[in-house]
Amino acid sequence: MLNLQLGIRHAVGKQGPITLDLKSSAFDPKEKVWTRFPPEGSKYTPPHSSCDFKWKDYCPQVFRTLRKLFKVDAADYMLSLCGDQALRELSSPGKSGSFFYLTSNDQYMIKTMKKSEVKIFLKMLRAYYNHVRAFENTLVTKFFGLHCVKLAGANQKKVRFVIMGNLFCSDYPIHRRFDLKGSSLGRTTDKPQTEIDEYTTLKDLDLNFIFRLQKHWCQEFQRQVDRDCEFLEQENIMDYSLLVGVHFRDTRDRLLTGGSFDSDSSRGSSPHLSRGDTDGNRFAKIKLGSNMPIRAERTIRKSDIEPQIIGEPTGEFYDVVLYFGIIDILQDYDISKKLEHAYKSFQYDPTSISAVDPKQYSRRFRDFVFKAFQEEKFDL
């Protein structure tokens with residue numbers, strides 16, 4: 001952790017001139033800068049109490065420009081990641097085996113990465129840059145830096161990690177979170193209803209709402225999901241999700257959705273992904289995927305025998321605030337995913353499994369999210 005913070009402080013401190021029209025060479029996977037950090041310090045690095053290590057910055061000019069595009073202030077960024085308050089490790093590694101850390105102000109998330117993921121990311125970096133530059137409202141993950149720490153000596157261990165925006169850095173506590181892919185096989189939580197709380201990540205078959213967006217936002221949502229999915233399809237990416245965070249504006253509504261809500265008492269003991277209510281002017285910064293006040297309509301599935309991927313609307317509405325974005329965009333349709341698809345297709349309906357080719361994945365994902373996010377029937 002200390003190595004990571006020393007490296008970031010060094011990298012961000014070297015601010016050079018920023019131009020949006022980057023040369024091809026800036027995106028070259030070989031465009032990386034190694035810096036050695038001996039404990040006694042050097043001409044370029046401060047003395048420190050950690051072990052001797054090397055720091056690698058991948059495509060530094062590109063990420064410096066991305067931070068500018070995403071309106072990230074360099075001083076705030078450095079303070080968030082390298083300030084006195086330690087980074088918080090989130091409870092457990094994800095399915096991929098990656099570890100996640102959160103800055104104390106909840107703004108940034110750090111994820112450890114496999115070498116294969118770094119390769120995929122560097123291969124698609126130019127297309128990613130062009131996409132986020134062209135579409136300010138893109139829902140794909142915002143990436144701010146890609147780095148590696150290599151320990152010196154006999155160990156020689158390398159830890160690669162990416163820094164990205166935290167979707168749930170909000171003015172509200174998040175009461176429900178859903179990870180939606182559009183597939184049905186294994187897409188339900190294994191927790192009993194009574195144990196589901198605000199930290200449980202629910203899946204497609206757990207979704208019991210249709211989110212009703214006002215006409216303008218619904219059209220903008222559909223347009224942007226189409227653009228983002230086209231970009232991911234072109235880059236041969238699949239297995240991504242729409243991560244959705246729901247805040248219930250009426251405390252009584254939280255109990256009606258099932259599960260336990262004791263967020264105030266639990267917040268002190270475990271990491272939370274929101275900053276709590278901070279001011280009265282809450283809707284000043286509404287944008288697509290962030291701080292969106294809408295109505296959620298409760299749904300109910302008719303039968304457990306053939307699970308409906310979206311239940312029937314009940315006419316029961318809740319006032320909620322939504323946060324959402326497209327995450328896990330660094331899995332390409334490689335040989336392991338093709339083998340997984342072939343193997344599972346013998347046992348299950350091929351359309352129900354996650355591992356399908358990017359074109360089919362994109363189509364199924366869109367079909368699902370456009371059923372889950374629909375236009376508000378009445379003007380509010």
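Remember, it's a predicted structure, so these values are computed and weren't measured experimentally.
Looking only at distances, a side-chain donor or acceptor of T299 sits under 3.5 Å from a matching main-chain atom of N208. Under the 3.5 Å distance criterion, the side-chain polar atoms of K181 are left unmatched by any main-chain donor or acceptor of D204. Judged purely by atom type and a 3.5 angstrom limit, T112 uses its side chain to pair as donor or acceptor with the backbone of F99. For R126 (side chain) and D28 (main-chain N/O), no donor-acceptor pair under 3.5 Å exists by modelled atom type. A side-chain donor-acceptor contact under 3.5 Å links T65 to the backbone of Q61. A donor-acceptor contact shorter than 3.5 Å is absent between the side chain of Q222 and the backbone of Q219.
With H147 as the partner, the ring-ring contact (aromatic ring centres under 6.0 Å, His included) test is satisfied by one option alone out of W34, F161, F121, F63: F161. Checking F178, F211, F368 one by one against F373, the ring-ring contact (aromatic ring centres under 6.0 Å, His included) holds for a single residue, F211.
Atoms SG and CG, from C51 and L151 in turn, are 5.0 Å apart once rounded to the nearest 0.5 Å. Atom CG of residue D239 and atom CD1 of residue I327 lie 10.5 Å apart, to the nearest 0.5 angstrom. Expressed to the nearest 0.5 Å, how far CG of L243 lies from OG1 of T141 amounts to 9.0 Å. Here M292 contributes atom CE and F324 contributes atom CZ; the two are 5.0 Å apart, rounded to the nearest 0.5 Å. Remark: L322 CG to S290 OG distance equals 10.5 Å, nearest 0.5 Å. Atoms CZ and NE2, on R249 and H247 in that order, are 7.5 Å from each other to the nearest 0.5 Å.
There is no path of hydrophobic side-chain contacts, each under 4.5 Å, that joins L4 to Y44. The cluster map of Ile, Leu, Val, Met, Phe, Trp and Tyr, joined by side-chain heavy atoms under 4.5 Å apart, puts I8 and V159 in different clusters. Hydrophobic clustering places Y108 together with L69 (ILVMFWY residues linked when any side-chain heavy atoms are closer than 4.5 Å, directly or through intermediates). Tracing side-chain contacts under 4.5 Å through hydrophobic residues (I, L, V, M, F, W, Y), one never reaches M109 starting from L79; they form parts of separate clusters. V33 and L22 fall into different hydrophobic clusters, where Ile, Leu, Val, Met, Phe, Trp and Tyr are joined by side-chain heavy atoms under 4.5 Å apart, directly or via other members.
Taking every heavy atom of both residues into account, V12 and A74 meet most closely at CG1-O, 3.9 Å. Nearest heavy atom pair, residue E297 against residue P313, reads OE2-CB, 3.2 Å. Closest approach of N3 to S50, counting heavy atoms only: OD1-OG, 2.5 Å. What you find for I174 and Y323 is that their closest heavy atoms are CD1-CD1, 3.8 Å. Nearest heavy-atom pair, Y240 versus S362, reported as atom, atom and distance to 0.1 Å: OH-CA, 3.3 Å. Nearest heavy atom pair, residue R177 against residue T200, reads CG-O, 3.0 Å.
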**OP:** Decide side chain to side chain donor-acceptor pair (under 3.5 Å) for T19 and D21; before the verdict, give the C-alpha distance in whole Å, the side-chain angles of both, and the deciding distance to 0.1 Å.
**Re:** CA-CA 6 Å; T19 170; D21 296 311; 4.9 Å; no
**OP:** Check the pair F144, L66 against side chain to side chain contact (heavy atoms under 4.5 Å, CB included), reporting the backbone distance first and the verdict last.
**Re:** CA-CA 6 Å; F144 303 117; L66 281 170; 5.8 Å; no
**OP:** Just do the side chain to side chain contact (heavy atoms under 4.5 Å, CB included) check on D106 and R88 with the steps written out, would you?
**Re:** CA-CA 9 Å; D106 288 352; R88 302 200 306 274; 2.9 Å; yes
Subject >> Test side chain to side chain contact (heavy atoms under 4.5 Å, CB included) applied to Y58 and C148, step by step >> reply: CA-CA 8 Å; Y58 296 90; C148 174; 3.8 Å; yes
**OP:** For side chain to side chain contact (heavy atoms under 4.5 Å, CB included), just list the numbers for L242 and V244, CA-CA rounded to whole Å, side-chain angles, deciding distance to a tenth of an Å, and then say yes or no.
**Re:** CA-CA 6 Å; L242 186 74; V244 182; 3.9 Å; yes
**OP:** Could you go through the side chain to side chain donor-acceptor pair (under 3.5 Å) check for N105 and S80 one step at a time?
**Re:** CA-CA 7 Å; N105 62 2; S80 297; 2.8 Å; yes
Original post:
Would K111 and E117 count as a salt bridge (charged side-chain N to carboxylate O under 4.0 Å, His left out) if you check the C-alpha gap in whole Å, the side-chain angles of each, and the deciding distance to 0.1 Å?
Top reply: CA-CA 11 Å; K111 177 191 175 191; E117 289 179 308; 3.4 Å; yes
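Sparse packing is recorded around NZ of K119, with 12 or fewer heavy atoms of other residues, nucleotides or ligands lying under 6.0 Å away. Other residues, nucleotides and ligands place no more than 12 heavy atoms under 6.0 Å from the NZ atom of K68.
Under the 6.0 Å distance and 45° angle rule, R295 counts as a cation-pi partner of F317.
Checked for salt-bridge contact, R176 and D206 miss the test: no charged N lies under 4.0 Å from a carboxylate O. Checked for salt-bridge contact, E316 and R298 meet the test: a charged N lies under 4.0 Å from a carboxylate O. We find that D73 and R67 are not joined by a salt bridge, their nearest charged nitrogen and carboxylate oxygen being 4.0 Å or further apart. Under 4.0 Å is where a charged nitrogen must lie from a carboxylate oxygen, and between K215 and E375 no such pair does. Electrostatic pairing of R366 and D226 counts as a salt bridge here, judged by a charged N lying under 4.0 Å from a carboxylate O. For the pair K32 and D57, the salt-bridge criterion is not met [side-chain N within less than 4.0 Å of a carboxylate O]. A salt bridge links E220 with R223: at least one charged nitrogen is closer than 4.0 Å to a carboxylate oxygen.
In this structure, V321 and I294 have side chains that are not in contact, with every pair of non-hydrogen atoms separated by 4.5 Å or more. Looking only at side-chain heavy atoms (C-beta outward), D319 and P293 stay at 4.5 Å or farther from each other. The side-chain heavy atoms of L102 and E89, taken from C-beta on, include no pair separated by under 4.5 Å. Taking 4.5 Å as the limit, every side-chain heavy atom of I110 sits out of range of all side-chain heavy atoms of M164. Side-chain contact between L2 and S49 is present, with heavy atoms from C-beta onward closer than 4.5 Å. Y361 places none of its side-chain heavy atoms less than 4.5 Å from the side chain of I237.
Using a 30° and 60° split on the angle between ring planes, H175 and F248 fall in the parallel class, below 30°. Ring geometry for Y318 against F209 counts as perpendicular: the plane angle is over 60°, on a 0 to 90° scale with 30° as the lower cut. Between Y128 and F231, the two ring planes are tilted [angle within 30° to 60°]. Using cut-offs of 30° and 60° for the angle between ring planes, the H10 and F37 rings count as perpendicular.
Among residues two or more places apart in sequence or in another chain, the salt bridge (charged side-chain N to carboxylate O under 4.0 Å, His left out) test is passed with K115 by none. Considering only residues two or more places apart in sequence or on other chains, R363 meets the side chain to side chain donor-acceptor pair (under 3.5 Å) condition with none of them. Under the side-chain contact (heavy atoms from CB on, under 4.5 Å) criterion, T138 pairs with H131, V132, F135, V140, Q224, D228, sequence neighbours left out.
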